[in-house]
Amino acid sequence: MRLVDMVYYGQKRKQEDVVMKQYAFGIDVGGTTVKMGFFTAAGELLEKWEIKTDTTDHGANVIPDVAAAIDGKLKERGISKDEVIGVGIDVPGPVDAAGYVRNCVNLGWGTFKLEETVEAATGLPCRAGNDATVATLGEMYRGCASAYRHLVMITLGTGVGGGIVIDGKILPGNTGAAGEIGHMTVNEHETAVCGCGRKGCLEQYASANGIARVTALALGETEEETVLRKLEKITAKDIFDAAKEGDAFALRMVEQLGRTLGMACARIATVVDPEAFVFGGGVSKAGTMLTDVIEKYYDQYAFKTGAKFLLAELGNDAGIYGSVKLILDAHAAGHL
């Protein structure tokens, strides 16, 4: 065969291989469940389901269970692995740029080559990332931030998490710990200890538990009338609900939260200069009352104003969308 024919048929074969790759998986590993997403190569979600996270034996069964679920889905649909681009996966712990996971406490994992382990178990290419950072990518890909390329996401739930996307790509940092916003020190005079063992972390003031803690302490220092005093156990939702009804004490608590988060965002912005901040987690259900007050104080403290303040849209699906984006991007760049 002539060289020109060999080149032609080689190119044709490569094109046919690309056409065959029609599907991909996005996997979001949590401490209780693993959320599984089956996607087209264009990022369309075809199906999603969950399996239980087996954390016994230091999480040794998590990856094999994921692999079995992938095999089962492909068999169910009559699809060959030759048609699958690969697997994107996020986990609740630091993942560095080389694909190493470093100590997922919730899963019982230490440090190991996560991407290589998934590839060996599934027989498919893999790209991996931290759950909060990958969720940020998901919101950029199919959520509230599709118009932006430079993002910081802050999740306000039981704790405070975060993720950073710069120029459309996740920023893992040296060890995969970039975006641990909840453990930024915001009060050097705090005496209570954070879950991380340090004191004065943002999580102690801006998580759902932190907001309730700060409010309970403030109630003990005043005799002011407030509907919150009638409650046996105050939640962050209670505080926002009371504020929306005009309760003066609750409004001050929301203002205090906004000042804390606004200052934290201003500090973050001096380093990564995002176009937008995205807020997710249970506390974000407070809606624009939350983002408006954060933006107000951000504008007071920021070196450069103008960032947008957005509410996450994808909820629990952000992880599977972000994970599949990881593997689709790697494929598009020819890195698989």
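Because the structure is predicted, anything quoted here is derived from the model rather than measured. One-based numbering along the sequence shown.
Crowding of N174 atom CG: a count of heavy atoms from other residues, nucleotides or ligands under 6.0 Å not exceeding 12. Annotation: K113, atom NZ; neighbour count of heavy atoms from other residues, nucleotides and ligands within 6.0 Å does not exceed 12. Surrounding CD of E76 are more than 12 heavy atoms belonging to other residues, nucleotides or ligands, all under 6.0 Å away.
No side-chain heavy atom of V91 sits under 4.5 Å from any side-chain heavy atom of N130. Annotation: side chain of K308 is not in contact with side chain of E275 (no heavy-atom distance under 4.5 Å). Counting heavy atoms from C-beta on, the side chains of D65 and I51 come closer than 4.5 Å. Counting heavy atoms from C-beta outward, F277 and I268 have side chains that approach closer than 4.5 Å. I320 places a side-chain heavy atom less than 4.5 Å from the side chain of K48. Two residues are said to be in side-chain contact when any heavy atoms from C-beta on lie closer than 4.5 Å; L124 and E119 fail this criterion. Using a 4.5 Å heavy-atom threshold, the side chains of P274 and V152 count as touching.
Here the closest non-hydrogen pair linking T136 and M153 is OG1-CB, 3.1 Å. Closest of all the heavy-atom pairs between A192 and K199 is O-CG, 3.4 Å. In this structure, R198 and H183 approach most closely via the heavy-atom pair NH1-O, 2.9 Å.
Note that NZ of K296 and OG1 of T291 are 12.5 Å apart. Values are rounded to the nearest 0.5 Å. Between K285 atom NZ and L156 atom CG the span is 12.5 Å, to the nearest 0.5 Å. Interatomic distance, T32 OG1 to K52 NZ, rounded to the nearest 0.5 Å: 8.0 Å. Between the OH atom in Y321 and the CG atom in L314 there is a gap of 7.0 Å [rounded to 0.5 Å]. To the nearest 0.5 Å, atom NZ of residue K21 and atom NE2 of residue H331 are 7.5 Å apart. To the nearest 0.5 angstrom, T111 atom OG1 is 12.0 Å from W109 atom CH2.
With respect to the salt-bridge test (charged N to carboxylate O, under 4.0 angstrom), the residues K73 and E47 qualify. Ion pairing between a basic and an acidic side chain is recognised when a charged N comes within 4.0 Å of a carboxylate O; R213 and E190 show such pairing. Under the 4.0 Å criterion applied to side-chain N and carboxylate O atoms, D329 and K325 are assigned as salt-bridge partners. With respect to the salt-bridge test (charged N to carboxylate O, under 4.0 angstrom), the residues K81 and D71 qualify.
No donor-acceptor contact under 3.5 angstrom links the side chains of N209 and S207, judged on distance only. Of the N and O atoms on the side chains of D90 and S323, at least one donor lies less than 3.5 Å from an acceptor on the other residue. Counting only N and O atoms by type, the side chains of D247 and T226 include a donor and acceptor under 3.5 Å apart.
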Derivation of the ring pair (Phe, Tyr, Trp, His ring centres under 6.0 Å) call for F25 and F38: CA-CA 5 Å; F25 286 92; F38 185 54; 4.9 Å; yes
Worked check of side chain to side chain contact (heavy atoms under 4.5 Å, CB included) between L261 and Y297: CA-CA 8 Å; L261 280 169; Y297 285 102; over 6 Å; no
From CA spacing to verdict: side chain to side chain contact (heavy atoms under 4.5 Å, CB included), K304, D273: CA-CA 8 Å; K304 179 183 176 184; D273 188 24; 4.3 Å; yes
Side chain to side chain contact (heavy atoms under 4.5 Å, CB included) between V254 and M289, worked out: CA-CA 9 Å; V254 171; M289 171 173 270; 4.3 Å; yes
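Without hydrogens or angle criteria, T185 side chain to G200 main chain gives no donor-acceptor distance under 3.5 Å. No side-chain donor-acceptor contact under 3.5 Å links N103 to the backbone of V105. Remark: side-chain polar atoms of E139 are not paired, donor with acceptor, to backbone N or O of A318 under 3.5 angstrom. Listed for the T55 side chain is no donor-acceptor partner under 3.5 Å among the backbone atoms of G59. Looking at E255, its side chain never comes within 3.5 Å of a backbone N or O of L251 through a donor-acceptor pair. No side-chain donor-acceptor contact under 3.5 Å links K237 to the backbone of G282. Side-chain atoms of E295 never come within 3.5 Å of backbone atoms of F309 as a donor-acceptor pair (strictly under, hydrogens ignored). Between the side chain of S146 and the backbone N or O of R142 there is no donor-acceptor pair closer than 3.5 Å. E83 places a side-chain N or O within 3.5 Å of a backbone atom of S80 that can act as its donor or acceptor partner. Judged by distance alone, with hydrogens and angles left aside, the side-chain atoms of R127 form no donor-acceptor pair with the main-chain N or O of L336 at under 3.5 Å.
Under the 6.0 Å cut-off for aromatic ring centres, Y100 and F112 do not qualify, their centroids lying 6.0 Å or more apart.
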